[in-house]
Amino acid sequence: MKINKVSYKIFLGMTALSGIIIVIMSLMVKTSYSDSLKKNEINVHVRATIRSRYQFDYIMNVIDSAARDISASAQIIGALKAGGREDPGDKNDFSVNTFLQSLQTIQPFIGDVTIVGMNGQFFSSNLAIDKSAILGHFGKYVNSFRSGSGVAYFVGIQHSPYDPNGYNNLLTGVWPIFETKSQELWGAIFVGLSYTVFQELFILSPLTNDEKFLMVNNEGEIVYTYPAYESLESVLTGYPAILKNVDMTIEGRLNGKDYVIVSEVSGVLGWKFIRVIDAKNVTTDTRKMQTYFNFVFAMSIIISILFSFYISKALTRPVQQLFNTCKLIELGDLSKRVHINTNDEMGKLGHTFNLIMDQINADFEKELVEQKRMNELRLEVLQAQINPHFLYNTLDSIKFLASFQEVHNIASMSQDLINLLKYNLSSKNTARLCEEVESIKNYAGIQKYRYGDIFEIKTLISGGTEDCVISRFVLQPLVENAIIHGFDDIESGGEIIVRSFFEGLNLCLEVLDNGCGIDSETLLHLNLTGNSGGPEQRKTAAGAEDGPPPDSIKTGKASVGIANIRERIRLQFNGMAALVFESAPGKGTKARLVFPVQKPE
């Protein structure tokens with residue numbers, strides 16, 4: 001579809017520009033703010049994991065420090081040197097057991113403390129402990145201690161030796177007991193980290209629901225999971241990179257769901273603390289922000305469309321008003337004006353447009369007045385041309401009558417002349433047909449004194465035509481031409497008929513004579529003379545440019561009269577009136593006048 005309206009082009013252009021700007025800003029906000037917010041949310045969970053790891057390292061440092069203090073205790077080494085006494089009632093045994101029990105009481109995260117001597121001595125904070133399980137671990141690590149290694153070993157999560165059901169699991173660590181001076185190995189101390197510590201450390205620390213935890217030792221074995229019933233081996237097999245001794249955060253998929261995997265390495269044991277969080281829970285605020293962002297984006301698009309529509313209308317409404325007004329003026333209604341009620345450039349343009357149209361309208365009305373006045377002056381000049389022409393012929397008739405008659409009818413002729421002059425000298429440019437017919441009767445009466453009975457004049461006026469308005473003094477020149485030129489060579493029997501009738505919306509007047517007629521050359525000249533009202537044809541009619549006139553109009557008076565009639569009826573009736581001659585030699589002449597029907601006001 002071709003778009004031609006300026007308002008549509010402005011609307012589409014501004015909407016497209018606004019949309020591009022909004023999209024660019026949206027992408028910038030999304031890539032900067034949204035991604036930054038997501039990273040911050042993930043960092044919150046990373047910091048939570050780091051806090052858990054710090055707490056675990058702190059506890060392990062406390063246990064390690066306590067175990068080393070015990071292993072360096074002179075009381076403990078003395079008891080081990082005493083050798084082989086296992087009687088629980090022994091004073092030394094009892095004092096060592098009491099010391100271990102007090103240590104467990106002071107440090108609530110310690111599950112139990114057990115000391116095993118090289119000579120079979122056995123001390124524990126729990127008198128009901130299973131010696132065989134502890135001795136089994138002791139035998140496993142004693143060779144390493146004998147080799148001179150003073151490193152502590154953590155054997156992983158173990159069932160509590162005194163809890164057959166395994167509800168109270170322990171993370172057990174083993175430390176060697178050496179005499180400081182001789183560096184002789186006297187035994188080992190077993191310290192178990194209470195399971196409740198893990199509950200407080202991992203279970204109570206999650207920031208969201210559905211979080212999972214793993215603790216992996218240096219050999220890549222899972223030593224602890226939460227929840228305990230769920231296998232998390234897929235985490236290690238799917239993302240083996242987290243087993244590296246590097247803190248890291250990975251976004252991945254497990255079992256068809258998106259997860260964020262946070263791995264932190266213990267600074268004490270080197271074990272990995274792995275937190276597995278559902279991505280939906282991690283990015284809750286991000287998704288909320290995305291929802292708000294989508295809403296703001298949609299509202300921005302709607303507002304930009306409405307704003308573009310408003311701006312396009314505000315800019316093009318005055319232009320449309322100017323366009324519509326120009327179309328009306330183009331159709332001829334010069335009274336139309338624009339009404340732009342603003343104080344900006346469009347309002348000033350509308351005001352200037354109205355001023356220009358007011359000036360054009362004033363100039364046009366002035367031109368009409370001047371044109372009307374000019375036409376009136378031209379009519380007065382043309383009428384002034386006819387009056388002397390007629391007066392000359394009339395005086396000539398009076399002279400002829402005075403010479404050849406004994407002046408008996410001068411009174412009657414004078415009265416006809418008075419009536420004729422009175423009608424001719426009227427200031428009006430138009431007259432009713434009945435008045436024009438009466439004037440030619442007066443004129444014919446005067447001419448009969450000169451020509452006698454060589455012609456008769458008849459009038460056939462149809463009913464209703466007598467009151468029609470025509471140009472003044474148009475029939476007399478035609479009757480005069482018929483008498484002077486048509487009856488020039490006859491002695492009697494001449495006849496002139498003046499008749500009127502309606503033909504459609506026009507009034508037709510005809511002056512017919514039975515005179516000598518007009519040859520074709522002269523007829524063509526008469527019909528062309530003044531028909532268009534142009535200056536060239538008026539000159540031709542006067543005989544000024546086409547050579548000598550034909551014999552029938554050799555004086556030029558007939559041509560002047562015909563041109564005068566044509567010019568006057570053209571001006572008075574705006575080119576809607578016409579004069580045409582029909583004739584042939586020996587067959588008379590018909591002069592036909594056509595006017596639009598007009599009644600007097």
Side-chain angles (χ1 to χ4, degrees), residues 1-23 298-380 428-430 469 471 504-506 531-536 567-578 594-601:
M1 181 181 67
K2 187 175 182 181
I3 299 175
N4 293 322
K5 286 194 174 182
V6 176
S7 59
Y8 291 161
K9 294 180 180 178
I10 294 176
F11 171 73
L12 293 178
M14 293 194 64
T15 301
L17 179 61
S18 301
I20 292 172
I21 293 174
I22 290 173
V23 169
M299 292 302 299
S300 299
I301 291 294
I302 294 173
I303 291 173
S304 68
I305 292 175
L306 294 177
F307 181 75
S308 300
F309 180 79
Y310 170 78
I311 290 296
S312 65
K313 286 297 183 182
L315 290 177
T316 59
R317 187 181 297 111
V319 177
Q320 187 65 38
Q321 290 182 11
L322 282 172
F323 176 79
N324 294 336
T325 303
C326 289
K327 293 296 289 184
L328 294 175
I329 292 174
E330 184 180 347
L331 295 175
D333 189 357
L334 299 181
S335 64
K336 294 299 181 182
R337 299 293 183 270
V338 296
H339 302 283
I340 303 175
N341 300 321
T342 60
N343 295 322
D344 54 12
E345 290 80 1
M346 296 305 300
K348 294 178 181 178
L349 178 62
H351 178 68
T352 303
F353 177 85
N354 290 338
L355 290 178
I356 293 173
M357 288 309 304
D358 290 340
Q359 185 63 41
I360 292 175
N361 205 30
D363 293 342
F364 183 75
E365 291 178 355
K366 182 179 178 181
E367 181 68 20
L368 286 178
V369 172
E370 291 178 353
Q371 185 66 32
K372 182 178 180 181
R373 178 57 183 162
M374 185 178 295
N375 290 338
E376 291 175 352
L377 291 175
R378 291 175 67 184
L379 284 173
E380 291 174 3
K428 295 182 179 181
N429 295 323
T430 59
V469 176
S471 297
L505 298 178
N506 295 322
N531 243 350
S532 65
E536 295 298 325
E567 184 69 5
R568 286 192 296 121
I569 65 176
R570 184 187 69 81
L571 292 173
Q572 289 179 334
F573 291 93
N574 296 320
M576 298 179 66
V594 180
F595 295 95
V597 175
Q598 290 186 3
K599 295 291 184 176
E601 297 180 355

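Quantities reported herein were computed from a predicted structural model and do not represent experimental measurements.
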Handout entry: Residue pair Asn324, Leu328: steps toward the side-chain contact (heavy atoms from CB on, under 4.5 Å) verdict
Key = CA-CA 6 Å; Asn324 294 336; Leu328 294 175; 5.7 Å; no
Practice task
Determine the minimum heavy-atom distance between Val597 and Asn506, stating which atoms define it.
Solution key: CG2-C, 3.5 Å
Problem - Separation of Asp363 CG from Leu368 CG (nearest 0.5 Å) - result: 11.0 Å
Fill in the blank from the handout: All heavy atoms of Val469 vs all of Pro600, minimum pair found to be CG2-N, 3.5 Å
Problem - Glu365 side chain near Asn361 side chain, heavy-atom distance below 4.5 Å - result: yes
Problem - Arg568 CZ to Thr430 OG1 distance, which is reported to the nearest 0.5 Å - result: 11.0 Å
Exercise for the section: State the CD-CD distance between Gln598 and Gln572, to the nearest 0.5 angstrom. Expected result: 9.5 Å
Practice task
Look at atom CG of Leu505 and say whether more than 12 heavy atoms of other residues, nucleotides or ligands are closer to it than 6.0 Å.
Solution key: no
Fill in the blank from the handout: Those residues at least two apart in sequence (or on a different chain) that pass side-chain hydrogen bond (donor to acceptor under 3.5 Å, both in side chains) with Asn574 are none
Completion exercise
For Asp358, the side-chain contact (heavy atoms from CB on, under 4.5 Å) test, sequence neighbours excluded, returns Arg337
Practice task
Please tell me if the side chains of Ile329 and Thr325 come closer than 4.5 Å, counting only heavy atoms from C-beta onward.
Solution key: yes
Completion exercise
Sorted by chain and number, sequence neighbours left out, ring-ring contact (aromatic ring centres under 6.0 Å, His included) with Phe573 holds for Phe595
Fill in the blank from the handout: Nearest heavy-atom approach of Ile569 to Ser471 is CG2-OG, 3.5 Å
